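Remember, it's a predicted structure, so these values are computed and weren't measured experimentally. Lettering follows sequence order; numbering is per chain, from 1. Every heavy atom of this structure was used, including side-chain atoms; hydrogens, water molecules and symmetry mates were not.
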2 protein chains.
Amino acid sequence: MTRNIELNEKMRDERREQILSHALRLFAARGLAATKISDIATSVGMSQGLLYHYFRSKEEIFTEIVRGAFEKMNAAVRMLEELPQSPREKIEMAIVQLLKSLEESEDFACTILLNAQAGISEATPAEAQAIIREESGIPYTVIARILRAGQQEGTIKPFDADALAMVFWTTIKGLALHKAVNGATFKAPDARILTAMFFTEDRLH
Amino acid sequence: MTRNIELNEKMRDERREQILSHALRLFAARGLAATKISDIATSVGMSQGLLYHYFRSKEEIFTEIVRGAFEKMNAAVRMLEELPQSPREKIEMAIVQLLKSLEESEDFACTILLNAQAGISEATPAEAQAIIREESGIPYTVIARILRAGQQEGTIKPFDADALAMVFWTTIKGLALHKAVNGATFKAPDARILTAMFFTEDRLH
DNA sequence: GTCTATATCCAGATAGAC
DNA sequence: GTCTATCTGGATATAGAC
């Protein structure tokens with residue numbers, strides 16, 4: 001009995017994930033307002049009406065995606081901070097990993113893009129705006145903290161750490177944007193181009 | 001007689017510019033689809049119907065803005081290339097100037113953002129897409145050309161020039177994005193953080 | 001759970017008076 | 001040139017059959 005309920009819930013969750021995944025691509029490619037609920041349904045391969053068995057509204061879908069994106073991103077940067085490596089190595093790892101994800105994962109670029117759009121647009125649903133207000137600062141403060149530790153060490157340049165952290169993330173977002181425009185052609189730049197902004201010496205190792 | 005016609009046309013053009021200016025802010029803040037024609041009319045302070053005496057459709061307004069943005073941007077980079085300065089100085093000037101514009105001019109950030117959005121979104125009007133297809137590569141190729149000249153000189157790092165040019169522009173776009181989100185709080189980073197990606201030596205002068 | 005059909009609403013665009 | 005009133009289409013969301 002309980003088995004069946006659990007199984008049903010699992011299948012329901014999987015279906016929801018499937019919808020969210022398709023919606024992510026569409027929202028990233030066209031924005032919230034320009035994406036029709038029928039587009040999402042068609043993309044998933046279900047009828048328009050059926051979507052409403054899984055989500056109350058288009059806004060709810062959008063908000064769920066934003067929520068999930070911040071959860072993952074914030075978990076990742078927190079894990080980065082906990083690592084045993086030196087601050088400088090952490091920054092290097094982060095840049096290398098972000099560039100790799102950007103190049104390899106379609107979803108990753110879409111996610112960054114969607115969050116950027118959501119942060120900008122006044123048309124973003126109120127609940128998503130609340131999430132953004134609370135969560136979007138975390139990656140910046142974590143990276144700034146790591147950079148400051150690196151400055152203590154002498155391996156990170158002595159510019160304002162908040163400014164460096166801002167440049168760190170805006171550069172990644174800018175690249176995500178570029179990938180969104182140039183699609184398949186996109187090739188991530190050499191990580192050393194970016195690390196030069198932060199490291200006191202040029203070499204990677 | 002001719003006087004009056006000219007005067008009328010001038011007034012008409014000014015009114016059009018006024019509409020475009022208000023529309024730019026709204027499009028940048030909410031995207032094309034989420035911006036209502038009535039929003040633009042209200043912002044300008046005219047009736048909805050009257051807008052249609054100046055533009056055929058919302059898409060036409062959007063396309064005009066995109067056209068103007070590329071004209072200005074491409075004229076600017078071409079002028080930059082013509083300057084008598086050394087490649088390295090040109091890059092430095094460009095970065096300093098772009099950061100300054102970003103910080104001081106609301107319109108500049110909006111324009112960059114709008115073009116980025118327009119480039120991404122499949123919902124962008126066909127005519128605007130055509131402009132983007134033809135014009136958007138120019139700033140990249142011009143900067144790449146300057147960077148290559150600098151590499152000959154030995155003042156620019158020997159990474160792939162196209163990759164460097166991509167990073168150049170994506171960084172600027174990323175910052176424009178950040179300004180759009182953080183609005184009034186935005187403070188441009190120290191130019192030397194960015195020049196470090198390109199210059200073989202660290203110092204500015 | 002899934003579909004088709006439909007009610008409802010809202011935004012873009014037009015018409016016509018002043 | 002400018003407004004108000006209106007037509008029209010299309011998208012969200014719901015209802016109801018299977």
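- In this structure, L50(B) atom CG and dG16(C) atom P are separated by 18 Å, rounded to whole Å.
- Residue K36(B) is the one, among G49(B) and K36(B), whose nearest nucleotide of DNA chain C lies closer to the 5' end (criterion: closest heavy atom).
- Atom P of nucleotide dT6(C) and atom CD of Q48(A) are separated by 15 Å, given to the nearest angstrom.
- If you take CZ of F62(A) and P of dA11(D), they are 19 Å apart, rounded to a whole angstrom.
- Side chain of E60(B) to main chain of R56(B): a donor-acceptor pair is present (N/O by atom type, distance under 3.5 Å, no hydrogens or angles).
- Contact check on D162(A) versus K187(B) returns no salt bridge, with no Lys/Arg side-chain nitrogen under 4.0 Å from an Asp/Glu carboxylate oxygen.
- Annotation: cation-pi geometry not satisfied between R192(A) and F159(B) (NZ/CZ under 6.0 angstrom from ring centroid, within 45° of ring axis).
- Of the residues near DNA chain D, H53(A) and A33(A), the one whose nearest nucleotide (by heavy atom distance) lies more toward the 5' end is A33(A).
- Aromatic ring pairs are classed by plane angle as parallel below 30°, tilted from 30° to 60° and perpendicular above 60°; the pair F62(A) and F27(A) is perpendicular.
- In this structure, of dA13(C), dA11(D), dG1(D), it is dA13(C) that holds the atom nearest to the side chain of E59(B).
- Looking at the side chain of S57(B), the nearest of the listed nucleotides dG1(C), dA13(C), dA11(C) is dA13(C).
- Note: CD1 (I37(A)) to P (dC10(C)) measures 16 Å, nearest angstrom.
- For the pair F55(B) CZ and dG1(D) P, the computed distance is 13 Å after rounding to whole Å.
- dT14(D) atom P lies 14 Å from atom NZ of K58(A), rounded to whole Å.
- Within a 6.0 Å sphere centred on CD of E127(A), heavy atoms belonging to other residues, nucleotides or ligands number 12 at most.
- With dG1(D), dT12(D), dC3(C) as the choices, the nucleotide that has an atom nearest any side-chain atom of M46(A) turns out to be dC3(C).
- Residue R56(A) has no polar side-chain atom (N or O) positioned under 4.0 Å from OP1 or OP2 of dT12(D).
- Taking side-chain N and O atoms only, Y52(A) has no distance below 4.0 Å to OP1 or OP2 of dT14(D).
- To the nearest angstrom, C1' of dA13(C) lies 17 Å from OH of Y54(B).
- When the P atom of dG1(C) is taken as reference, atom CG of L7(A) falls 10 Å away, rounded to whole Å.
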